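Notes follow the structure.
Each ligand, and each atom within it, is numbered from 1 in the order the structure gives. From a predicted model like this one, the values you see are computed outputs, not experimental measurements. Positions are given from 1, in the same order as the sequence printed here.
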Amino acid sequence: MLVLKISGHQLDDGAFLNRLARTVAAMPTPPVIVHGGGRGTTDLAARLGIESRFVEGLRVTDDAVRDVAVMGMVGTASMQLVQALVCAGVPALGLSGVDAGLVRVRKLEHHAGDLGWVGIPTEVAADRLQALLGAGFVPCLAPISLGEDGHIYNVNADHVAQAVASALHADALVFLTNVRGVMQDDRVLTHLTPSVAERLIAEGVIVGGMIPKVRAALAALQAGVRAVLMSDLDGVEAFLRGETAGTLVQADEEQQSTEGAAQ
Ligand SMILES: Nc1ncnc2c1ncn2[C@@H]1O[C@H](COP(=O)(O)OP(=O)(O)O)[C@@H](O)[C@H]1O
Ligand SMILES: CC(=O)N[C@@H](CCC(=O)OP(=O)(O)O)C(=O)O
């Protein structure tokens with residue numbers, strides 16, 4: 001089973017959505033979907049006169065921003081995606097992490113300071129997601145989730161996707177984003193190991209929203225998800241055809257044995 005994380009970058013692009021929906025409809029095994037909505041939420045906040053602030057790719061979320069995040073992600077983003085999927089014949093069910101207690105979180109303690117209502121997943125109700133899959137639905141999760149303290153939290157969608165893929169023991173986790181993969185000097189890195197990733201973060205090559213994505217990808221690999229890909233839609237479609245594309249994360253030892261075999 002595959003967990004597909006869909007970025008919020010292109011959810012207002014009808015042609016993109018229709019192509020994506022056709023790709024999902026053609027998948028032999030229905031995926032579990034986690035979507036973002038960061039860009040739409042930032043746009044909505046601006047229209048409401050609220051400035052958006054991010055720390056290492058995570059949105060600083062006070063009370064007002066949390067309200068906007070709920071509107072942007074459980075509302076607009078979910079509706080845009082589910083509409084396209086259902087039109088393509090996919091029985092998509094738009095949910096958030098709050099519904100049925102699917103994703104529980106605790107407040108994220110960040111080294112850079114207090115980010116407000118930002119959560120980090122602690123538990124995923126894998127049995128309930130399996131029940132939805134078993135009943136023929138394709139769950140589409142917005143990343144707003146319920147705290148162990150009963151409060152509503154804004155959670156980075158990459159973190160939710162990682163937690164869901166790990167809890168479901170998914171075979172693959174695919175991060176569909178708006179770039180071809182993790183880039184260095186205008187080149188896509190075909191493979192990324194934990195040690196290289198941390199070096200590129202420290203050197204400022206991997207910045208902003210790519211930081212939580214890369215860390216989530218590494219955590220999924222660590223949790224036993226065998227294939228973890230970061231790519232755009234071209235790359236995701238190639239990956240589903242069994243071709244190489246985008247950036248695959250790989251354990252350090254795996255990289256060494258590949259290099260060893262090549263010598
Ligand atoms: N080294 C890098 N390679 C590719 N993209 C990067 C890199 N560092 C930062 N980015 C930025 O990260 C963005 C993806 O993160 P984000 O905007 O949070 O996307 P998503 O919606 O997929 O979570 C890219 O659009 C790019 O601007
Ligand atoms: C805490 C935090 O950063 N939450 C994110 C959740 C949405 C998200 O991750 O959307 P993308 O996948 O489109 O970037 C946010 O508010 O933007």
## Note on the structure
Under 4.0 Å between heavy atoms, the region of Asn156 that gets near ligand 2 turns out to be both
### Task
If the plane angle is over 60° it's perpendicular, under 30° parallel, otherwise tilted; pick one for Trp117 and Tyr153.
perpendicular
## Note on the structure
re atom 3 (O) of ligand 2, the protein heavy-atom contact at minimum distance is Arg59 N, 2.9 Å
### Query
With a 3.5 Å cut-off and no angle check, do the side chains of Ser166 and Gln162 form a donor-acceptor pair?
yes
### Message
Below 3.5 Å, N or O to N or O, backbone or side chain included: is there any such pair between Phe54 and ligand 2?
### Response
no
### Query
For Asn154 and ligand 2, does the shortest N/O to N/O distance drop below 3.5 Å?
yes
### For ligand 2, the portion of Thr41 having any non-hydrogen atom under 4.0 Å away
neither
### Query
Mind checking whether Gly181 has a heavy atom under 4.0 Å from ligand 1?
yes
#### Entry: Distance from atom 15 (O) of ligand 1 to nearest protein heavy atom, with residue and atom
Gly209 C, 3.4 Å
### Query
Can you list the ligand 2 atoms lying under 4.0 Å from a non-hydrogen atom of Ala157?
8 (C), 9 (O), 12 (O)
### Query
Between Asn178 and ligand 1, which residue portion shows a heavy-atom distance shorter than 4.0 Å: side chain, backbone, both, or neither?
side chain
### Query
If only atom types and distance count, is the side chain of Arg180 paired as donor or acceptor with the main-chain N or O of Gly246 below 3.5 Å?
no
### Task
May I ask you to identify, for Ala69, whether its side chain, its backbone, both or neither come under 4.0 Å of ligand 2 on a heavy-atom basis?
neither
### Message
Less than 4.0 Å is my threshold; does some heavy atom of His159 fall inside it relative to ligand 2?
### Response
no
### Query
Judged by non-hydrogen atoms, does Lys5 sit under 4.0 Å from ligand 1?
yes
### Residue part near ligand 1, for Leu200, under 4.0 Å between non-hydrogen atoms
neither
### Message
When you measure from the heavy atoms of Val118 to every atom of ligand 2, does any distance fall below 4.0 Å?
### Response
yes
### Message
Against ligand 2, does Gly57 come closer than 4.0 Å with any heavy atom?
### Response
yes
### Task
Any atoms of ligand 2 less than 4.0 Å from a non-hydrogen atom of Met73? List them with their elements.
6 (C), 7 (C), 16 (O)
### Query
How does Arg39 reach ligand 1, by side chain, by backbone, by both or by neither, if only non-hydrogen atoms under 4.0 Å count?
neither
### Message
Can you confirm whether the side chains of Ser7 and Arg39 place a donor and an acceptor under 3.5 Å from each other?
### Response
no
### Query
What part of Lys5 sits under 4.0 Å from ligand 2 if we count only heavy atoms: the side chain, the backbone, both or neither?
side chain
Identify every side-chain donor-acceptor pair in residues 21-37 under 3.5 Å, counting partners at least two apart or on other chains, and give the distances.
from: Thr23; atom 1: OG1; to: Arg19; atom 2: O; distance (Å): 3.0
from: Thr23; atom 1: OG1; to: Glu237; atom 2: OE2; distance (Å): 2.7

#### Entry: Proximity winner for atom 9 (C) of ligand 1, if only heavy atoms of Leu192, Val207, Ile206 are counted
Val207
### Task
Check whether any N or O atom of Pro143, backbone or side chain, sits under 3.5 Å from an N or O atom of ligand 2, and answer yes or no.
no
